[in-house]
Amino acid sequence: MGYYLYHHGILGQRWGKRNGPPYPLGESDHSKSEKQAGWKKSLDSGSEKSYNDNSKTNKETDKKKWHLSDGQKRAIKIGATVAATALLAYGTYRLAKSGKLNELADIGKNKVNELLGNKAGTKEALAGNADDILKKAEKAAESVNDVKSQVNAERIKNAVSHGFKVLSHPETLAETLKNTNPLRGNADMRNNCTSCSIAAFLRRCGIDVTAKSTGGEMQNLSVAVENYFKDVKVLNGNATKFGKSRDDAAEMLLRRYGSGVENPQDINAEGVVGIKIKDTDGGHAFNWVIKNGVVSFFDAQNNLGDKDLSAIIWKRIDTNGYLTLARLDNAEINFEAIGEYVTR
């Protein structure tokens with residue numbers, strides 16, 4: 001029976017520290033090459049003081065470790081260009097999928113596939129292809145804004161042909177709230193919330209209109225939408241879910257108008273809503289917007305943005321009352337008759 005001696009290292013010995021404790025060697029025990037390599041520094045604990053020593057050896061080490069060659073810099077630049085191109089092309093593809101922009105979906109998608117399939121053999125070719133793809137992706141992204149404008153082009157053309165004017169510039173929401181109901185506070189404008197919600201939507205489309213007076217008479221939002229917007233599906237139901245809270249209302253809108261949309265952030269829609277007010281025979285109409293999956297509300301009759309309106313209206317909605325809900329951004333407007341509710 002044989003006996004074997006196994007050696008597993010020395011207690012306290014550091015890996016890579018050949019001359020480390022517990023048996024450090026003296027200066028005379030080192031070869032000339034080891035002394036030139038700076039063996040004393042190799043025994044140091046690795047502190048910043050030792051590493052930042054101003055010796056020629058460490059300066060050369062710094063240069064090799066932290067400074068990139070021209071080839072390395074070029075490779076990094078190429079990689080960054082490719083990554084940026086992929087993100088831009090994919091962003092165009094995702095944006096194109098939403099709402100009216102479906103026709104652009106293949107453009108962005110093809111750019112991504114082209115980019116991911118690019119296996120050029122040289123860095124020069126890769127850089128050239130990346131630049132070319134980047135230009136194409138940027139051009140596709142710019143065309144997204146053109147398509148957005150074209151969504152309203154036919155609508156605005158029809159509006160002008162019926163005697164309506166076009167806004168001189170796209171309005172902010174604050175401007176729309178201010179300009180939609182110029183006679184706010186007048187008794188004759190008291191019950192014109194339906195006119196205000198329709199006029200506000202038209203202004204957001206670029207059409208210069210204001211809400212008309214009703215002479216104090218109440219209006220019916222459902223009738224107005226069905227008469228002045230073609231092929232609109234109006235939901236006439238109960239406000240139990242919508243009136244429970246603002247979050248419940250937002251969830252309801254996202255579910256209803258995000259059906260079939262793969263990603264929530266791609267949901268874009270706009271419309272109007274009518275509800276019954278608690279303990280009264282009256283109701284109220286206001287606007288809703290879904291932009292990139294985020295829901296907001298505003299009230300053009302009373303010049304209220306989302307925060308102020310939400311703090312008030314959900315305390316007053318009769319959850320046992322009616323709910324009228326309609327999407328308008330994808331509807332054709334009957335400009336021949338809508339003048340009954342808005343000014344030209």
Side-chain angles (χ1 to χ4, degrees), residues 99 173 176-177 180-181 184 189-202 204 211 214 216-261 264 267-331 333 338 341-342:
L173 177 58
T176 298
L177 292 176
T180 297
N181 193 21
R184 188 177 294 109
M189 306 291 282
R190 185 175 64 250
N191 290 320
N192 71 335
C193 57
T194 291
S195 291
C196 287
S197 62
I198 292 174
F201 170 74
L202 294 179
R204 287 174 60 81
T214 66
E217 296 294 325
M218 293 185 181
Q219 298 173 315
N220 188 306
L221 179 64
S222 180
V223 172
V225 170
E226 290 174 349
N227 286 345
Y228 306 124
F229 293 85
K230 299 178 182 180
D231 301 322
V232 171
K233 295 181 180 180
V234 180
L235 168 65
N236 286 303
N238 189 279
T240 303
K241 169 72 172 177
F242 188 93
K244 186 177 180 181
S245 71
R246 185 199 179 285
D247 289 344
D248 286 288
E251 181 184 355
M252 180 178 178
L253 289 172
L254 290 172
R255 286 188 176 183
R256 182 172 180 82
Y257 299 110
S259 177
V261 178
I267 304 174
N268 290 277
E270 190 163 348
V272 292
V273 58
I275 48 86
K276 183 180 180 298
I277 300 297
K278 288 180 182 178
D279 305 321
T280 71
D281 293 328
H284 190 54
F286 52 98
N287 297 66
W288 57 266
V289 177
I290 306 175
K291 183 176 182 180
N292 300 328
V294 178
V295 179
S296 61
F297 302 91
F298 67 88
D299 180 352
Q301 184 191 37
N302 298 301
N303 192 10
L304 298 174
D306 182 74
K307 183 178 180 179
D308 293 331
L309 174 62
S310 299
I312 297 171
I313 198 65
W314 268 273
K315 295 178 181 179
R316 304 188 64 195
I317 296 177
D318 184 350
T319 55
N320 295 317
Y322 67 83
L323 172 69
T324 298
L325 198 62
R327 178 179 180 178
L328 303 181
D329 65 286
N330 60 352
I333 302 169
I338 205 169
Y341 277 73
V342 299

> Parallel, tilted or perpendicular for F229 and F201, by the 30°/60° rule?
Replying inline: perpendicular
>> Nearest 0.5 Å, please: how far is CD in E270 from OG in S296?
In response: 8.5 Å
> Would you say L202 and I338 make side-chain contact, with heavy atoms under 4.5 Å?
Replying inline: yes
>> Between I290 and N268, does the side-chain contact (heavy atoms from CB on, under 4.5 Å) criterion hold? Intermediate values first, please.
In response: CA-CA 5 Å; I290 306 175; N268 290 277; 5.9 Å; no
> Counting only N and O atoms by type, is there a donor-acceptor contact under 3.5 Å from the side chain of R184 to the main-chain atoms of A300?
Replying inline: yes
>> Looking at K244, I want to see if its NZ is surrounded by more than 12 non-hydrogen atoms of other residues, nucleotides or ligands under 6.0 Å.
In response: no
> In chain order, what residues pass the side chain to side chain donor-acceptor pair (under 3.5 Å) check against N236, with sequence neighbours excluded?
Replying inline: S222, T324
>> Any heavy-atom pair between the side chains of F286 and N302 that's under 4.5 Å?
In response: no
>> Give me the atom names and distance for the closest heavy-atom approach of D318 to A239.
In response: O-CB, 3.7 Å
>> Show, in sequence, the C-alpha distance, side-chain angles and deciding distance for D248 and W314, and conclude whether the side-chain contact (heavy atoms from CB on, under 4.5 Å) test is met.
In response: CA-CA 10 Å; D248 286 288; W314 268 273; over 6 Å; no
>> Please evaluate residues L221 and Y322 with respect to the criterion side-chain contact (heavy atoms from CB on, under 4.5 Å), reporting the C-alpha separation (whole Å), side-chain torsions for both, the decisive distance (0.1 Å), and the verdict.
In response: CA-CA 11 Å; L221 179 64; Y322 67 83; over 6 Å; no
> Of the non-hydrogen atoms in T180 and A199, which two are nearest, and what is the gap between them?
Replying inline: CG2-CB, 3.8 Å
>> Quick check for you: to the nearest 0.5 Å, what is the distance between L328 atom CG and I333 atom CD1?
In response: 8.0 Å
> Can you tell if the side chain of R256 reaches within under 4.5 Å of the side chain of R327, non-hydrogen atoms only?
Replying inline: no
> Given side chains that start at C-beta, do those of V289 and V295 come closer than 4.5 Å, heavy atoms only?
Replying inline: no
> Step by step, would you call F297 with L253 a side-chain contact (heavy atoms from CB on, under 4.5 Å)?
Replying inline: CA-CA 11 Å; F297 302 91; L253 289 172; 3.7 Å; yes
> If you look only at pairs with a residue in residues 189-201, which of them pass as a side chain to side chain donor-acceptor pair (under 3.5 Å), with sequence neighbours excluded?
Replying inline: N181-N192, N192-Q301, S195-Q219
> Is there a donor-acceptor pair under 3.5 Å between the side chain of T240 and the backbone N or O of T319?
Replying inline: yes
> From F298 CZ over to L309 CG, what is the distance, rounded to the nearest 0.5 angstrom?
Replying inline: 10.0 Å
Tabulate below the donor-acceptor pairs under 3.5 Å that side-chain atoms of residues 272-281 make, not counting sequence neighbours, or state none.
unit_1 : atom_1 : unit_2 : atom_2 : d
K276   : NZ     : T280   : O      : 2.7
K278   : NZ     : K315   : O      : 3.4
T280   : OG1    : I277   : O      : 3.0
T280   : OG1    : G282   : N      : 3.2
T280   : OG1    : G282   : O      : 3.3

>> Show the nearest heavy-atom pair for residues T176 and A200, with the distance to one decimal.
In response: CG2-O, 3.9 Å
>> Working to the nearest 0.5 angstrom, can you tell me the gap between D299 CG and C196 SG?
In response: 7.5 Å
> What are the two closest heavy atoms between I317 and G243, and how far apart are they?
Replying inline: CG2-CA, 3.7 Å
> With the threshold set at 4.0 Å, does a side-chain nitrogen-carboxylate oxygen contact exist between R204 and D329?
Replying inline: no
